[in-house]
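Each remark here refers to the structure printed beneath this line.
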Amino acid sequence: MTIRTRFAPSPTGMLHIGGARTALFSWLYARHHGGEFVLRIEDTDQERSTDEATQVILEGMRWLGLDWDGEPIYQGARKDKHVAAVEQMLSEGKAYKCYCSKEELDGMREAQRQAGNKPMYDGRCRGLTETPDEMPYVVRFRSPDEGETWVRDKVLGDVCFPNAELDDLILMRSDGTPTYNLAVVVDDAEMGITHVIRGSDHLNNTPRQIQLYQALGLAVPEFAHIPLIHGPDGAKMSKRHGSVAITEYRDQGYLPQAVVNYLARLGWSHGDDETFTRQQLVKLFDIEQVGKSAARFDQAKLDWLNGYWLRETPAAEMAAEVARLLAVDVASGPDLVSVIESLKERSKNLVDLAEGARFFYCPPESYQEAAVKKNFKDATWPLLERFLGEVEALRAWSGEAVHHLIESVSEEAQVNMGKLAQPIRVLVSGGPVSPPIDVTLDLLGKEETLRRLKVGISRLRSLD
Ligand code: GLU
């Protein structure tokens, strides 16, 4: 049997951490077992579904590297199949038309509440023999009144639902649109989904879906419901806790590998290990090691993993994203991969790294005031002039040569190297922070170093 899983987001909101984790677990399960993973956009709620949300889902999944097999399937385009399933059940007496008005239903529920019962549809249209013409109706499922439905969940274990507690579910609304539970069953069956992996907020839908599979004579898939993600305080996730569109993490400088690693550890574990490559996750992941209790979102851990993957990932793999964040013409400056190499050990995230790289491509227009005040004294100017002269005379440009020059000029003046290196750094970068000065100047090249030093000296001296 080929394992087939799916991710079935509704494009009514953004793809956030929770949805991305569900997608990841489904993807990992399929890839681990050499199966297939399909993407189904559940856009049946026409009013609340937006193209923008669909784009964020597709973009977010691509960014995380969660590739799906075949084309994405749009549920809205499959309405005929849903209607056919409803008609089949109607003709077999497994579903019926219900003509109850909203007022009637409200009254029924109110009476149930007052009698201390759980409000649910009482099945009053089940036995209608004369069906009124021209009156709006919904189609309801004739659900069994007795017995129980078991969900054999691969994460949560066996969960029992007494059938008497499940009322006659609406399959088709009065406007002819199918409901979620009907559409999801028809689609999962037709797409050959063997394992339905989704958030535990759907657990209560599952016994109803199992009954629908049975009524339609379809094979019931396996289910795995993943516990939800809570905020650090144990409460439901909020925007403050990372409940933001997954693509925002990209804009904030997170690496997809770090986010994937982090998401995997939200509910899944493998011993005490914390860091996993994508290949390791595919190799090690199985649904059995997903925990039953809610996971907690931990920003500090995500940030730590991001720093870890920033150091582990080859600079060349990050170049395109850094260039995107920089949004300047990097071809006119030093080799971006080498620039990234010089910065990645010290950077917190890609935004931080891109900002650290910016001066290589955009010469400073001003100089940080505090850094100027601290590093430029009367004795600085002759040191810089001396250094400039030496640079001009230097034939072979290299980090090593630059290092020796700074060393010899400062030795000669009997000051420590920082007295010269730091003013140079301010002049070429605009501030007090850059990669080691020899690396920085080597990357900038002789010509650009000279140009920046001269421009900087004349600007600052004119302020003296
Ligand atoms: N479309 C549903 C949602 O976004 C998921 C359906 C499912 O996984 O069964 O919550």
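Note that the numbering runs from 1 along the sequence shown for the chain. Numbering of ligands and ligand atoms starts at 1, following listing order.
The nearest heavy-atom contact from the protein to atom 1 (N) of ligand 1 is Glu42 OE1, 2.6 Å. Protein heavy atom at the shortest distance from atom 10 (O) of ligand 1 is His202 NE2, 2.8 Å. When hydrogens are left out, the protein atom nearest atom 5 (C) of ligand 1 is Ala8 O, 3.3 Å; that is the closest non-hydrogen contact.
Within the listing of ligand 1, atoms 1 (N), 2 (C), 3 (C), 4 (O) sit less than 4.0 angstrom from a heavy atom of Ser10. Applying the 4.0 Å criterion to heavy atoms of Arg6 picks out, from ligand 1, the atoms 7 (C), 8 (O), 9 (O).
Between the side chains of Gln257 and Thr277, no donor-acceptor pair of N or O atoms lies under 3.5 Å. For the residue pair Gln209 and Asn181, a side-chain donor N or O sits within less than 3.5 Å of a side-chain acceptor on the partner.
Annotation: Val184 places no N or O atom under 3.5 Å from an N or O atom of ligand 1; distance criterion only.
Within the 4.0 Å heavy-atom shell around ligand 1 one finds Tyr180.
Residues Glu274 and Lys301 are paired through a salt bridge, judged by an N-O separation under 4.0 Å between the basic side chain and the carboxylate. We find that Arg31 and Asp67 are joined by a salt bridge, their nearest charged nitrogen and carboxylate oxygen being less than 4.0 Å apart. Residues Glu42 and Arg40 are paired through a salt bridge, judged by an N-O separation under 4.0 Å between the basic side chain and the carboxylate. Ion pairing of Asp168 with Arg208 is absent here, as no side-chain N (NZ or NE/NH1/NH2) approaches a carboxylate O to less than 4.0 Å.
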